[in-house]
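Reviewing the structure listed below.
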Amino acid sequence: MVGVGEVCGWSCLVWEVDSRSVVNGKKKNISGDRAGGRLEDSGVTRRRRRGLLGWYRKHFRALPWRVEPGRGRAPGSRKQHPNPYHVLVSEAMLQQTQVATVIDYFKRFVDEFSTIQALADADEQGVLRAWQGLGYYRRARNLHAAARRIVEDHAGQIPDSVDALLSLPGVGRYTAGAITSIAYGQRVPVVDGNVARVLARWHGISEAVDTTPVIKKLWQLAGHHVPKSRPGDFNQAVMELGALVCRPGVPDCGACPVARDCHAHQTGQASALPVLTKKAAPKKVTHHTLAVRHGRRYLFVQRPEKGLWSKMWELPTAERLAGRPGGDQLCAWADRQLGLRIDSPRRVSGFTHQTTHRRIDFVIWTATAKSSMNTKGEWRALGRLNDLPLAKPQTRAIAAIQADEITD
DNA sequence: AAGACGGGGTA
DNA sequence: TACCCAGTCTT
């Protein structure tokens, strides 16, 4: 940890000085040179911790991977920390995904894969299937690979050091901090979107928080805020505050336990912070999904190792047909890409699917195969897809085909 | 440093 | 629409 001196006797003025030094983009010593200054000695810091933990004890959400805060500290009681495996799974699911979305996925996942060993023993398709609908499917494959590594290299114990955790696929600085602090009670900070927002407001950070020097500063700040006692509760409390009170847009400062020690609130800037850099608009594209029927079954293929929806299954989909192709183009495409002769494709429906980087118009076609000869892919009845992981637009396409079958 | 990677909640 | 979510990895 880089030494941060100039945070002793914290004041907003100190940050204003620091932040100016950050903004020219140079990695100068933004923390100042005075060694040994400890934020924990600051009255403001102690007050923030106290206010935050008191608030958290009252307002925390009961979540399936969480232990009641502060519990188990009395002599003779157990279970001070949650199951490290549960923390690993939940943190993987929570990456860029809201708590409310994760809850049911988490329950089903640990029900099906109840231990790290069980997860390691599973096959990747099964793990992807359990992840279906959650998005960012690379997370599922990384988690599965991590489980195998943990069983192989760590005797099935989730590592308790940041370095060992960072070497696992899909575990970055945030997740390593979450596991070490929450599951193992170590004084390690976390910075996620919530923490960044809270810190930007507490300290009146007016530079964009998604640039390298400011991110570095946020980790330093978080490292000085996290207490030795109950670091996991503290980290979760900051994130919970960010999710419930110190929300994006207009925060509920009237409900905030630390508003008196928040620079943004005191100066009326809370709703203006944090500042984020603008992201590129999604690209507009069209995908043509072709439901090729042979008897009662349809052809499904698996997507490649990399890229969008990697290793998920789908009805064959043409992603770069120019213009507004007709049935002839679809026939040619099926011949070329699938080695399949089909009869007169018919357009049955369409919908739009939005991801972070693409706005995809899906056009759904159906056609009959002249034979089921095909080296790759599987022929499946639509009622027997339970073992195939399918991304969202594919489930919509399949629903459209089923509806079309009925009205046929 | 900038993009890719999903899907849903919220205003 | 646009933003943002208990981020990580690749280019």
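Every chain is numbered from 1 and lettered A, B, ... according to where its sequence line falls, protein lines coming before strand lines. Bear in mind the structure is a predicted one, so any value in this text is a computation, not a measurement.
Contact annotation for A:G249: no contact, since no heavy-atom pair falls under 4.0 Å across all strands. Nucleic acid contact class of A:G242 (heavy atoms, under 4.0 Å, all strands): none. Contacts of A:T175 with the nucleic acid, taken as non-hydrogen atoms under 4.0 Å apart, involve only primed sugar atoms and P, OP1 or OP2.
Figure legend: cation-pi geometry between A:R108 and A:Y105, with NZ or CZ positioned under 6.0 Å from the six-membered ring centre and within 45° of its axis.
Phosphate contact (OP1/OP2 of B:dG8, side-chain N/O of A:K392, threshold under 4.0 Å): present. Between B:dG7 and A:H353, a contact under 4.0 Å exists linking OP1 or OP2 to a side-chain N or O. Residue A:Y137 places at least one side-chain N or O under 4.0 Å from the OP1 or OP2 atom of B:dG7. At the phosphate of C:dG7, OP1 or OP2 sits under 4.0 Å from a side-chain N or O atom of A:Q96.
The closest side-chain donor-acceptor pair between A:T115 and A:Q117, if any, does not fall under 3.5 angstrom.
One can place CZ of A:R141 at 14 Å from C1' of C:dT8, the figure rounded to the nearest angstrom. Rounded to whole Å, atom C1' of C:dA6 lies 3 Å from atom OH of A:Y174.
A centroid separation of less than 6.0 Å is found between the aromatic rings of A:W309 and A:H353.
For A:R358 against B:dA4, a side-chain-to-base donor-acceptor contact under 3.5 Å is absent. At a cut-off of 3.5 angstrom, the base of B:dG6 holds at least one donor-acceptor pair with the side chain of A:T356. Side chain A:T101 to base B:dG7: no donor-acceptor pair is found below 3.5 Å.
Atom CZ of A:R296 has 12 or fewer neighbouring heavy atoms from other residues, nucleotides or ligands inside a 6.0 Å radius.
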